[in-house]
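One structure below.
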Amino acid sequence: MKNQDITELSWDEFDEMRDPRPEANGFDAVVERAVSRRGFLGGALAFGSGALAMGAGLLSSTTASRAEGMGFAFNPIDIATDHNIHVPEGYQWKVLARWGDALFSDAQDAYSPDTGVDVSKSDRVFGENTDGMELFTDGDKQIITVNSEYVNPKINLPAASDGMPQNADEVMLLKNMQGVTVMEVADTGNGYEIVVDSPYNRRITHETVMTMDGPAAGSDLVKTNADPEGMSPKGTMNNCGSGKTLWGTYLTCEENFNGYFGATGEYDVTDEFQRYGIGGEGRYAYEKFDPRYDLSKEPNEPHRHGWVTEINPLDPNSTPIKHTALGRFKHENAEMVQAADGRVVVYMGDDERGEFIYKFVSNGVYVEGGSTEGLLSDGTLYVAKFNDDMSGEWLALTPDTTGMSIEDILVFSRMAGSKVGATTMDRPEWIAAHPSKAEAYCALTNNKNRGVKPNAGGDDTPVGGPNPRESNNFGQIVRWMPAGADHGAEAFTWDLYVMAGNPNVYDNAYAGSKNVTAGNMFNSPDGMAFSSDGYLWIQTDGDDSNEGEFEGQGNNQMLIGNTETGDIGRFLTAPNGAEVTGLCWSADKKVAFVGIQHPGGSWPDGAGKPRSSVIAVWREDGALIG
């Protein structure tokens with residue numbers, strides 16, 4: 001491990017390096033169940049595309065007018081392989097915020113194209129590697145809250161550090177560039193910009209003191225030497241996707257938190273640590289300079305991360321809350337909807353190969369303007385089981401169903417999911433719920449281990465159900481329809497909205513589903529969001545080499561899907577090397593804000609370091625875009 005440059009590994013590669021698993025045997029018997037592999041593919045794809053025509057009567061007149069032809073208000077664009085942004089004819093874009101841009105006047109000179117950001121001002125600027133984000137309003141003010149998922153040490157640290165922090169100050173620099181940015185934005189007449197020195201502006205980092213609620217808060221599992229009460233965790237980390245509550249607060253989701261911990265001495269290598277990929281050497285050497293991240297000194301500290309954390313973006317003095325009732329795993333995003341009886345439902349994916357999809361259902365009922373106390377701390381956590389007959393069920397994770405205490409269920413939700421037989425998935429990423437009907441969609445980004453290796457808990461990953469391809473490098477989007485059109489129901493039906501692929505290279509299942517063509521093909525769907533008109537915006541984080549099985553797919557991109565007809569059109573392409581992630585809209589729906597993470601080259605400045613950014617995209621005629 002010490003001879004490898006771990007900062008250059010993807011998070012998936014980092015996990016597999018830490019916990020290599022042998023190839024499993026005996027999968028053929030599992031695969032050849034009641035439905036053969038080939039037979040399932042034929043049936044699933046026919047259902048997944050043919051069923052798209054159902055429910056067209058629910059389209060509004062505005063949407064219906066757009067639904068002529070492919071149903072898009074733009075001409076889909078071609079792939080790109082350069083280091084720039086491309087959008088359709090009739091649209092414009094500009095950078096809204098870049099890593100290092102000042103939130104406050106005293107940080108105007110914090111960023112240098114040669115050295116990056118000064119550590120003394122690193123918590124006063126826009127963070128690195130933008131990800132999930134949401135827009136909030138307070139009267140006529142618009143506030144964007146946006147995640148900063150991780151850092152690129154070879155870019156962010158001084159050149160002399162050689163890509164790994166050498167002292168406590170450099171660790172603090174990395175800590176401050178991650179977390180969450182809250183910033184007011186406004187259209188100044190020259191497009192949207194950050195409102196510097198706005199009273200809403202705020203950075204929430206690995207050092208911000210928080211609180212916890214729910215059944216695991218204060219339990220022995222989350223107590224540390226620094227916090228013997230187990231109620232005041234510090235920091236939120238590896239903030240990936242996001243969510244928005246019904247009452248107007250922000251949900252930030254802690255994903256690959258395991259990579260921040262290591263050990264300078266002896267520690268217990270537990271089954272729980274192994275399931276979550278915790279141990280050995282941390283990705284950023286935090287443990288060498290901060291005992292909080294040292295497993296030999298604070299073995300419970302990792303249990304305080306991997307949660308959904310709620311932030312009030314309109315109150316800069318509020319304390320973020322880690323909601324333990326929503327479970328601990330590698331949270332991608334948190335999609336909140338409401339059950340038919342008024343209870344709160346939160347859909348969540350665990351972004352690792354062979355892990356699960358979850359939902360939380362509150363015991364209390366949400367009433368607009370009423371108290372929200374307990375709505376995210378008192379309820380039941382469920383995990384999904386998808387059946388080959390396209391039915392499914394939500395399995396409750398309780399002491400009775402798992403044989404575990406409620407504290408163990410929530411801190412070690414993966415192990416609870418394994419005990420009840422949840423379906424292992426092809427890396428569940430963002431979940432998006434349709435704005436006008438009871439449907440939810442999950443991006444299953446890819447899984448090269450499908451049908452090859454078990455997950456980190458030893459659960460089989462058989463080919464079948466919503467994961468129909470072995471060694472799946474392209475990904476798919478599954479959707480489910482809850483029984484009785486009620487998100488609170490425990491039963492559902494499902495199909496596949498799209499299976500990504502390359503029809504130029506393959507003529508089998510790896511070509512993708514029928515709605516994938518040479519003109520719109522892509523790989524690794526990741527971010528997703530619905531615009532108010534019912535169109536699904538799909539963002540990718542895949543292989544942009546444009547070679548081999550990915551030939552002709554170009555850079556990562558953002559596409560728009562018509563979920564009634566199945567049509568998909570490419571709307572935006574990112575600079576080479578970048579992921580497209582995070583999406584929200586201005587209050588008037590005329591501007592889309594889009595995240596561009598880890599770009600290559602020297603984008604967007606044209607010289608110096610590449611800078612992760614949020615861009616604004618709008619129609620030249622001023623019409624609605626979202």
Side-chain angles (χ1 to χ4, degrees), residues 70 72-96 98 129-131 133 429-430 443 445-446 473-475 477 498 500-505 512 515-529 531 535-562 567-585 591-606 610-620 625-626:
M70 289 188 69
F72 305 129
F74 64 94
N75 290 321
I77 64 173
D78 199 358
I79 66 165
T81 57
D82 60 7
H83 286 94
N84 206 353
I85 298 284
H86 297 276
V87 294
E89 182 180 357
Y91 290 77
Q92 295 281 343
W93 69 274
K94 67 168 285 189
V95 172
L96 168 69
R98 302 164 296 184
N129 279 330
T130 175
D131 208 302
M133 57 182 163
E429 300 257 17
W430 285 71
T445 192
N446 57 53
N473 288 326
F474 290 109
I477 296 175
V498 63
N502 192 330
N504 285 355
V505 174
N515 49 348
V516 171
T517 69
N520 69 4
M521 62 179 174
F522 60 96
N523 73 86
S524 301
D526 187 336
M528 291 196 306
S531 47
Y535 281 78
L536 180 64
W537 297 54
I538 304 165
Q539 300 174 318
T540 72
D541 176 24
D543 191 306
D544 63 0
S545 65
N546 208 37
E547 297 175 350
E549 64 180 334
F550 306 107
E551 184 177 353
Q553 295 192 328
N555 294 346
N556 279 300
Q557 54 194 278
M558 183 164 70
L559 309 102
I560 299 180
N562 183 328
D567 289 319
I568 297 173
R570 186 180 297 110
F571 178 82
L572 175 149
T573 57
N576 187 259
E579 166 187 356
V580 186
T581 182
L583 173 65
C584 62
W585 288 269
V591 177
F593 300 106
V594 183
I596 306 297
Q597 188 187 101
H598 59 77
S602 55
W603 187 88
D605 296 343
R611 301 171 74 182
S612 173
S613 303
V614 172
I615 65 170
V617 184
W618 67 94
R619 282 179 56 158
E620 293 175 347
I625 190 174

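Keep in mind that what you see is a predicted model, and the values were worked out from it rather than measured.
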Would you say the side-chain atoms of [X] pair up with the backbone N or O of [Y], donor to acceptor, closer than 3.5 Å?
| X | Y | result |
| --- | --- | --- |
| R570 | P76 | no |
| S612 | I596 | yes |
| N502 | E551 | yes |
| E549 | G501 | no |
| N562 | D567 | no |

Over all heavy atoms of both residues, which pair between [X] and [Y] is shortest? Give the atoms and the distance, please.
| X | Y | answer |
| --- | --- | --- |
| Q92 | E620 | NE2-OE2, 2.6 Å |
| A500 | V516 | CA-CG2, 4.3 Å |
| L96 | F593 | CD2-CD2, 3.8 Å |
| P599 | P610 | O-CB, 3.3 Å |
| N556 | G542 | OD1-N, 2.7 Å |

With the side chain counted from C-beta on, respond yes when [X] and [Y] share a heavy-atom pair under 4.5 Å apart, and no when they do not.
| X | Y | value |
| --- | --- | --- |
| D526 | Q539 | no |
| E429 | P525 | no |
| N523 | N473 | no |
| Y91 | L572 | no |
| W93 | V594 | no |
| F74 | I560 | yes |
| D541 | H598 | yes |

Quick check on E89: does its CD atom have over 12 non-hydrogen neighbours (other residues, nucleotides or ligands) under 6.0 Å away? no

For [X], enumerate each residue passing the side chain to side chain donor-acceptor pair (under 3.5 Å) test, keeping only those at least two apart in sequence or located in another chain.
| X | value |
| --- | --- |
| S524 | N446 |
| R611 | D101, D605 |
| S613 | none |

Spatial distance of atom CG (N520) from atom CD1 (I568) [nearest 0.5 Å]: 6.0 Å

Interatomic spacing from OH in Y535 to CG in L559 - rounded to 0.5 Å: 14.5 Å

Using residues 78-85 as the side-chain source, report each donor-acceptor pair under 3.5 Å to any protein atom, sequence neighbours left out, with the distance given to one decimal.
residue, atom, partner, partner atom, Å
D82, OD1, N84, N, 3.4
D82, OD1, H86, NE2, 3.2
D82, OD2, H86, NE2, 2.8

Check: residues 576-583 side-chain donor-acceptor pairs under 3.5 Å, at least two apart:
residue, atom, partner, partner atom, Å
N576, ND2, D544, O, 3.4
N576, ND2, N555, OD1, 2.9
T581, OG1, D131, OD1, 2.8

Taking ring pair (Phe, Tyr, Trp, His ring centres under 6.0 Å) as the definition, give me every residue that meets it alongside W537, ordered by chain and number, with sequence neighbours left out. F571, W585

